[in-house]
Protein chains: 2
Amino acid sequence: MSSTGSPIRILVVDDHPLLREGLRAMIDGQTDMTLIAEAEDGEHALQAFREHRPDITLMDVRMPTMGGIDAITAIRAEFPAARIIVLTTYEGDAQALRAIKAGASGYLLKNMLRKELVETIRSVHAGRRRISADIASEMAEHMADDELTARERDVLSQVAAGNANKEVAARLGISEETVKTHMKNVLTKLGAKDRTHAVVVALKRGIIDI
Amino acid sequence: MSSTGSPIRILVVDDHPLLREGLRAMIDGQTDMTLIAEAEDGEHALQAFREHRPDITLMDVRMPTMGGIDAITAIRAEFPAARIIVLTTYEGDAQALRAIKAGASGYLLKNMLRKELVETIRSVHAGRRRISADIASEMAEHMADDELTARERDVLSQVAAGNANKEVAARLGISEETVKTHMKNVLTKLGAKDRTHAVVVALKRGIIDI
DNA sequence: TTCGGACTCCCCCAAAAGGGGGAGCGTAGA
DNA sequence: TCTACGCTCCCCCTTTTGGGGGAGTCCGAA
């Protein structure tokens, strides 16, 4: 865009070497951007951020050792002005919401076009926020819904692992009646027809992981 | 490797532009390989194969319009000697098994190193087969298990959608008793504790999709 | 042709899940 | 302070699930 001024200094964080290579090629093709560092997980991302202080960080969410959400939280705790764009495959609206709450300024899907990515980088660098249309509309769909509480997610995760209410109760150190109460709330909140459906919906929406 | 002889002609099929760019960069860096075409889904892959007759096809499995497995089947039906390497994120052992049954000569995960990819390309070009160690060991784990039958997968997919046995029976036009029989078999074959667990296991292993 | 396997249907019965209700308790905000 | 909310527990009752058994048909491979 502007051929004058210093380029946007970018840090790329992704555990896929091939994707990093693709991003490098794309960034190299822009006169107003430069790739200054790469990291392959959240821990290295934090180190790289401290060392290089990038203008923009492109971050995947699914990575070994330390995931993207934790990395965003850690970076923003230390550098509140950090501008981070999440770049991921589809992970559900809840995942995106977590990223944004953690301080991400953008959320893009990996199947987007180059054009959209470079525009988002410039946009976020200028202080704006950018969320992929697909994700934004799905997040909007669930705006009105109550989110699951921490305990409800605990219970649902246990259920996803194949535990009966009695077993979940034993594992969490609560009564079976309490587990049933939580599951009733989960079914209502997720609009699920039964516990199996609830698990599937929660997986789709990125509320729980397996 | 060999600086003499004609280069290995490669077709890349993936719906992620960034990943295609990364592959292009990697292939361009090898003296004995050349990227001759790209496609973004299964249908275009078949067209591109007809037109270019690549030595090696690198193919993702998850794509819009026509998935990778169908594309492999279609290409191998027309060109039985086609050498296809699947390149994907982790999708479970059942997915890998389907790809191999469809005629893939290799199965790699996207988080592998460049070195492994170029070695696999040369290896497959020389007529060998190569499966990622992680996938191979997981496939081995389930060698002894009976696979689910088509009908069992149908039933399980309906269950994953939140249908009770009675509803599944109505949808598939069979009796509830038959659905229960299928579910009993599914639980046994997958080693699942209940239907919810069965759905989770099947999703993890790539036996059903959501 | 015979055999195996997929698919279908049936019985019985115990256990689990789900839907309705109510209620106490602690803590963090308004 | 009072209120809202998350977490906990309890009751009652119906429906669904799961585990055990058996058995018929049909199709394709040996």
Side-chain angles (χ1 to χ4, degrees), chain A residues 94 97-98 101 142-203 205 207-208 210, chain B residues 94 97-98 101 142-203 205 207-208 210:
Chain A
L97 190 59
R98 272 202 291 278
K101 283 187 177 170
H142 296 292
M143 284 291 208
D145 312 2
D146 277 16
E147 293 180 56
L148 297 195
T149 66
R151 204 52 162 170
E152 284 161 358
R153 284 196 301 273
D154 290 344
V155 169
L156 190 55
S157 295
Q158 293 292 330
V159 169
N163 293 305
N165 291 338
K166 195 178 296 186
E167 292 164 335
V168 176
R171 283 162 181 272
L172 299 183
I174 55 180
S175 84
E176 189 184 344
E177 290 302 323
T178 304
V179 173
K180 291 177 83 168
T181 302
H182 286 313
M183 279 308 295
K184 282 183 222 181
N185 293 332
V186 168
L187 292 175
T188 304
K189 287 184 182 181
L190 297 183
K193 295 163 76 175
D194 58 40
R195 56 176 46 214
T196 304
H197 194 203
V199 167
V200 171
V201 168
L203 288 173
R205 293 190 44 202
I207 295 170
I208 60 170
I210 50 173
Chain B
L97 191 58
R98 274 203 289 280
K101 283 187 177 170
H142 296 292
M143 284 291 209
D145 311 2
D146 276 15
E147 294 180 57
L148 297 195
T149 67
R151 203 53 162 172
E152 285 161 356
R153 284 195 303 271
D154 290 344
V155 168
L156 190 55
S157 295
Q158 294 290 331
V159 168
N163 294 304
N165 292 338
K166 196 178 294 187
E167 293 165 333
V168 176
R171 282 161 183 273
L172 299 182
I174 56 181
S175 83
E176 191 184 343
E177 290 302 323
T178 304
V179 173
K180 292 177 80 171
T181 304
H182 286 312
M183 279 308 295
K184 281 183 224 180
N185 293 331
V186 167
L187 292 175
T188 305
K189 287 184 181 180
L190 297 184
K193 293 163 78 177
D194 57 40
R195 56 177 47 214
T196 303
H197 195 202
V199 167
V200 171
V201 168
L203 288 173
R205 293 190 45 202
I207 294 170
I208 61 170
I210 51 175

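Chain letters run A, B, ... following the sequence lines, proteins first, then strands; residues in each count from 1.
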Whichever of K166(A) and E177(A) has its nearest DNA chain C nucleotide further upstream toward 5': K166(A)
Taking for N185(B) and for M183(A) the nucleotide of DNA chain C with the nearest heavy atom, the one nearer the 5' end belongs to N185(B)
Given V179(B) and Q158(B), is the side-chain contact (heavy atoms from CB on, under 4.5 Å) satisfied, shown in steps? CA-CA 10 Å; V179(B) 173; Q158(B) 294 290 331; over 6 Å; no
Protein-nucleotide distance ([X], atom [atom1]; [N], atom [atom2]), rounded to Å:
X	N	atom1	atom2	answer
L172(A)	dG6(D)	CG	P	18 Å
R195(B)	dG18(D)	CZ	C1'	9 Å
H182(A)	dC5(D)	NE2	P	17 Å
H197(A)	dT16(D)	NE2	P	17 Å
E167(A)	dT17(D)	CD	P	18 Å
D154(A)	dC7(D)	CG	C1'	12 Å
E176(A)	dT8(D)	CD	C1'	14 Å

Tell me if the side-chain of T181(A) makes a donor-acceptor pair with the base of dC9(D), cut-off 3.5 Å, by modelled atom types.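 Yes.
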Polar side-chain atom of D146(B) near backbone of K189(B) as donor-acceptor pair, under 3.5 Å: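 The answer is no, because no donor-acceptor pair under 3.5 Å joins these two groups.
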Quick one: does L190(A)'s side chain get under 4.5 Å of L156(A)'s, heavy atoms only?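 L190(A) reaches L156(A) side chain to side chain.
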Over all strands shown, is K180(B) touching base, sugar-phosphate only, or nothing at heavy-atom distances under 4.0 angstrom?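 If one applies the 4.0 Å heavy-atom cut-off, K180(B) turns out to touch a base.
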Could you check whether N165(A) and R195(A), counting side-chain N and O atoms only, form a donor-acceptor pair closer than 3.5 Å?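 There is such a pair between these side chains.
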Going 5' to 3' along DNA chain C, between which two nucleotides do contacts with chain A fall, using a heavy-atom cut-off of 4.0 Å? dA16(C) to dG21(C)
Between dT16(D), dG20(D), dC7(D), which one does the side chain of R151(A) approach most closely? dC7(D)
Quick one: closest heavy-atom pair of [X] and [Y], and the distance?
X	Y	answer
D194(A)	H197(A)	OD1-N, 2.9 Å
V159(B)	T196(A)	O-CG2, 3.7 Å
V200(B)	A160(A)	CG2-O, 3.3 Å

Under 4.0 Å from OP1 or OP2 of [N]: is there any side-chain N or O of [X] that close?
X	N	result
K184(B)	dG20(D)	no
T178(A)	dC9(D)	yes
N165(B)	dT16(D)	no

